Number of protein chains: 2
Amino acid sequence: MPVNPSRRSDATRTAILEAARARFAADGYERATIRAIARDAKIDPSMVMRYYGNKEGLFAAVVSPDLRLPDVASLPREEVGRALVSHFLRMWEENGELTAILRVGVTNPAGAERLQKVFKDQLLPVAEAVCPDPGQVPERAALVVSQLLGLALTRYVLRLPAVTALAREDIVAWLAPTVQRYLTAARP
Amino acid sequence: MPVNPSRRSDATRTAILEAARARFAADGYERATIRAIARDAKIDPSMVMRYYGNKEGLFAAVVSPDLRLPDVASLPREEVGRALVSHFLRMWEENGELTAILRVGVTNPAGAERLQKVFKDQLLPVAEAVCPDPGQVPERAALVVSQLLGLALTRYVLRLPAVTALAREDIVAWLAPTVQRYLTAARP
DNA sequence: AGCGTTGGCCAACGAGCGTTGACATGCAGG
DNA sequence: CCTGCATGTCAACGCTCGTTGGCCAACGCT
């Protein structure tokens, strides 16, 4: 019974998921092979197929992107930028899931769509809650995402030394005013 | 003779290069297959090997990243941000070369190294020319590259609709102050 | 005209991929 | 005990990939 909450194979299933998350994050979709994931999880490749159907199913199971963005409405308006940047950093460092989805999104059309969905479902509402003029919401959210994904790209995907060398608090101090301005300042 | 300036095969060679640039930009390294490139160029896959040795050689021939950054020393200091952003947009829209190298850099270790080299050889000097304190140069250059690559990622690689919808002049108007601040403002 | 060189195509190779199905093993419930 | 199902192993499939080498046609030279 697939609905049974506790199965004998749970250890295998989570081993597969963990190995898959690491591989997708490190290698992207094409180079993260089922065989390599199975090797990492110390099981047979066919087990992946049995439990997740196919490679796409495995990726879908690995990635359930929830940014868990804070409720900006309950924050002082001038602290939204800092809260967002700080939260983003924490989410990215939590595990490899966001790195995986970004890396896959760059080379895989389905991954790119998933990224768009995250943007639309999770970041746009934040901009809506903060922005005065509803007509400017997409523009301002786009600016914010360009800065935040740029940080993630250079720090967690490309790992440019100059960016990884930055201290967490310095990043927050520098980027918070940028995000704040994109969200709330008058259009230039 | 490989040094001969004009060969009978020049048309084929450039056809291969153009098809390769488009494929690498659209698909990344792994999914841009030699067979697909050859099909686009209407030649046999073995011709690619003959002229460029192997797939890596082809990629190296396609990509010779030169940002041609303006000489910031000759500019008024407060216009550097605007000049950089505007120049970056023009370079990215010129052809698919920069998109190709970014897409490849995300999934391919060799591509990532190439990106690091571009950063080090071309962007760091700009920061050096503008920055008062030499010790802060890497930090400030890292911040600039996070914003600029973030724009390129969301606009030219992921093509998030909200970002592609932005007008060129609006991007410059919004991002120029950010870059300017990262380069010249006092540390927060 | 004859010949070497260059450009191009074709068929094939070995390897790695995702995926499948047959088969062994171990654990339950009667 | 035997039966049934979940779990795991193994070998193989069809495919696509990068890459190779042999073959033919077109050209430039003397």
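Numbered from 1 within each chain, the chains take letters A, B, ... in sequence-line order. Everything numeric in this text was worked out from a predicted model, so none of it was measured.
Not counting sequence neighbours, A/Y52 has no partner by the ring pair (Phe, Tyr, Trp, His ring centres under 6.0 Å) test.
Seen from the ring of B/Y51, B/R13 counts as a face-on cation partner, given the 6.0 Å and 45° thresholds.
Classified by interplanar angle (parallel below 30°, tilted 30° to 60°, perpendicular above 60°), the ring pair A/Y29/A/F59 is perpendicular.
Atom-to-atom, CD of B/E30 to P of C/dG18 comes out at 12 Å; the value is rounded to the nearest Å. Going from atom CZ of A/R23 over to atom C1' of C/dC17 covers 14 Å, rounded to whole Å. Following rounding to the nearest Å, A/M49 (CE) and D/dT9 (P) show an atom-to-atom distance of 16 Å. Distance CD1 (A/I37) to P (C/dT19): 11 Å, rounded to an integer number of Å. Going from atom CZ of A/R7 over to atom C1' of D/dG8 covers 16 Å, rounded to whole Å. Distance B/R31 CZ to D/dG18 P: 13 Å, rounded to the nearest Å. Going from atom CG of B/L58 over to atom C1' of D/dG18 covers 12 Å, rounded to whole Å. Rounded to an integer number of Å, the gap from CZ of B/F59 to P of D/dC17 is 19 Å.
Residues A/T178 and B/Q147 bring no donor and acceptor atom of their side chains to less than 3.5 Å of each other.
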Any chance you could lay out the side-chain hydrogen bond (donor to acceptor under 3.5 Å, both in side chains) test for A/E139 and A/Y182, step after step, and finish with the verdict?
-> CA-CA 9 Å; A/E139 174 180 10; A/Y182 289 163; over 6 Å; no
Short N/O separations, protein against nucleotides 8-15 of chain C, under 3.5 angstrom:
{"unit_1": "C/dG8", "atom_1": "OP1", "unit_2": "B/T12", "atom_2": "OG1", "d": "2.8"}
{"unit_1": "C/dG8", "atom_1": "OP2", "unit_2": "B/T12", "atom_2": "OG1", "d": "3.1"}
{"unit_1": "C/dG8", "atom_1": "OP2", "unit_2": "B/Y51", "atom_2": "OH", "d": "3.2"}
{"unit_1": "C/dG8", "atom_1": "N7", "unit_2": "B/R50", "atom_2": "NH2", "d": "2.6"}
{"unit_1": "C/dG8", "atom_1": "O6", "unit_2": "B/R50", "atom_2": "NH2", "d": "2.8"}
{"unit_1": "C/dC9", "atom_1": "OP2", "unit_2": "B/D44", "atom_2": "N", "d": "3.1"}
{"unit_1": "C/dC9", "atom_1": "N4", "unit_2": "B/S46", "atom_2": "OG", "d": "3.3"}
{"unit_1": "C/dC10", "atom_1": "N4", "unit_2": "B/D44", "atom_2": "OD2", "d": "3.2"}
{"unit_1": "C/dC10", "atom_1": "N4", "unit_2": "B/S46", "atom_2": "OG", "d": "2.9"}

List the atom pairs, donor and acceptor, that lie under 3.5 Å between side-chain atoms in residues 117-126 of chain A and the rest of the protein, sequence neighbours left out.
{"unit_1": "A/K117", "atom_1": "NZ", "unit_2": "A/D121", "atom_2": "OD2", "d": "2.9"}
{"unit_1": "A/Q122", "atom_1": "OE1", "unit_2": "A/L67", "atom_2": "N", "d": "2.7"}
{"unit_1": "A/Q122", "atom_1": "NE2", "unit_2": "A/P65", "atom_2": "O", "d": "2.9"}

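Pairing for C/dA15 is with D/dT16, a Watson-Crick or G-U wobble pair whose two hydrogen-bonding atom distances lie under 3.5 Å.
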